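These numbers were taken from a predicted model, which means no experiment stands behind them. Just so you know, ligand 1 is whichever comes first in the structure, and atom 1 is the first atom listed for that ligand.
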Amino acid sequence: MGSEIVALESMSIRASSNECNLVESASIIKSFKSEKNQTVIHCAARVGGVKANTEYAADFFDDNVKMNMNVLNACKENKLKLVSVLSTCIYPDHLYVQYPLTEDQLHLGPPHPSNFGYAYAKRMLEVQSRAYRQQHGCNFITVVPNNLYGPNDNYDLDSGHVIPALIRKFHEAKIHGRDEVVVWGTGRPIREFTFARDAAKIILWLAENYDGELPVNIGNPEQVSIKSLAKMIGEEVGFEGRLAFDSSRPDGQYQKPSSNEKLRELGWDGNYTSLQDGLRETIKSFSERYPNVRGVTI
Ligand code: GDP
């Protein structure tokens with residue numbers, strides 16, 4: 001579980017899940033509060049790719065609801081501003097929304113069945129933030145990234161997301177001289193990816209510039225198919241073999257394109273790192289550190 005709280009200002013304070021288990025208690029938040037630190041960025045979540053989300057729906061629901069309950073109550077009691085991170089995968093499935101996904105459509109229908117446990121827990125985080133704002137006057141805001149990637153990702157093939165999984169698969173195929181890499185699903189689903197550093201910068205910008213009730217989509221709206229993504233990663237890694245598509249593996253949602261119009265209207269005028277540049281930096285960091293990366297045990 002990637003459990004992390006970052007309290008901000010000139011100095012940021014981090015606590016990993018080894019130091020505090022937010023499923024049990026978020027009392028550590030009290031010790032973060034100071035003149036300088038008045039904001040908590042709540043990134044803590046039990047997360048995973050399409051396989052883990054389906055297999056552990058109950059764990060993903062339980063742990064996320066418990067963590068959110070503890071973190072929001074601690075921020076309420078300590079009168080801290082709170083920025084909570086949601087995800088575009090919690091939006092309703094395609095039958096209930098119009099694309100691109102806008103923040104006002106978050107609760108219009110059920111999420112995709114592949115991740116309903118996680119999605120409903122995260123939707124409750126949005127509901128809880130609004131309820132605390134309404135009843136207790138808390139300055140709690142929520143932000144919605146799409147698929148995040150970057151150095152220090154989770155490279156475990158069962159629980160990780162598509163970019164770290166494919167980087168690892170191509171890298172290992174190359175160093176072991178294999179001539180095929182297996183990509184899950186049909187390769188047809190469309191995804192949007194945001195470099196984690198871009199998301200962090202936008203979250204900090206919103207922490208300072210946004211106090212509103214509605215969530216804000218923050219992701220890079222550039223779209224790419226899983227097949228094209230796999231080709232880009234294969235080329236960057238320097239793998240010269242072929243791709244195979246295993247359609248017995250889940251595709252998940254076909255697409256979840258998001259609109260960042262609201263973020264732009266609020267005044268964010270930054271640029272996103274291109275997928276090519278972000279992949280290059282991520283792959284460089286991975287190959288320099290391999291096998292000492294998260295999720296790889298040799
Ligand atoms: P999602 O965006 O929530 O569906 O989560 P993922 O990042 O796990 O998967 C995105 C897409 O990539 C799905 O269509 C998967 O079928 C596809 N995919 C292809 N190969 C892989 C792989 O090795 N691991 C994962 N996690 N997904 C893969």
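Other residues, nucleotides and ligands contribute over 12 non-hydrogen atoms within 6.0 Å of the CD atom of E180.
Residues meeting the ring pair (Phe, Tyr, Trp, His ring centres under 6.0 Å) test with H136, sequence neighbours left out: Y132.
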Q: Take L125 and H42 through the test side chain to side chain contact (heavy atoms under 4.5 Å, CB included) and record every step on the way to the result.
A: CA-CA 11 Å; L125 173 54; H42 175 27; 4.2 Å; yes
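Under the side-chain contact (heavy atoms from CB on, under 4.5 Å) test applied with P92, the options R123, H112, H107, K256 reduce to a single match, R123. Tested against Y149, the residues L275, V162, I167, T194 include a single side-chain contact (heavy atoms from CB on, under 4.5 Å) partner, L275.
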Between ligand 1 and the protein, which N/O pairs are shorter than 3.5 Å?
{"from": "ligand 1", "atom 1": "2 (O)", "to": "N147", "atom 2": "ND2", "distance (Å)": "3.1"}
{"from": "ligand 1", "atom 1": "2 (O)", "to": "R191", "atom 2": "NE", "distance (Å)": "2.8"}
{"from": "ligand 1", "atom 1": "2 (O)", "to": "K256", "atom 2": "NZ", "distance (Å)": "3.2"}
{"from": "ligand 1", "atom 1": "3 (O)", "to": "K256", "atom 2": "NZ", "distance (Å)": "3.3"}
{"from": "ligand 1", "atom 1": "4 (O)", "to": "R191", "atom 2": "NH2", "distance (Å)": "3.0"}
{"from": "ligand 1", "atom 1": "7 (O)", "to": "V162", "atom 2": "N", "distance (Å)": "2.9"}
{"from": "ligand 1", "atom 1": "8 (O)", "to": "V50", "atom 2": "N", "distance (Å)": "2.8"}
{"from": "ligand 1", "atom 1": "14 (O)", "to": "D251", "atom 2": "O", "distance (Å)": "2.6"}
{"from": "ligand 1", "atom 1": "16 (O)", "to": "P250", "atom 2": "O", "distance (Å)": "2.6"}
{"from": "ligand 1", "atom 1": "20 (N)", "to": "W184", "atom 2": "N", "distance (Å)": "2.9"}
{"from": "ligand 1", "atom 1": "23 (O)", "to": "K169", "atom 2": "NZ", "distance (Å)": "2.7"}
{"from": "ligand 1", "atom 1": "26 (N)", "to": "G160", "atom 2": "O", "distance (Å)": "3.1"}

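Note on ring orientation: taking the six-membered ring where Trp is involved, the planes of H171 and F286 are perpendicular (angle over 60°, cut-offs 30° and 60°).
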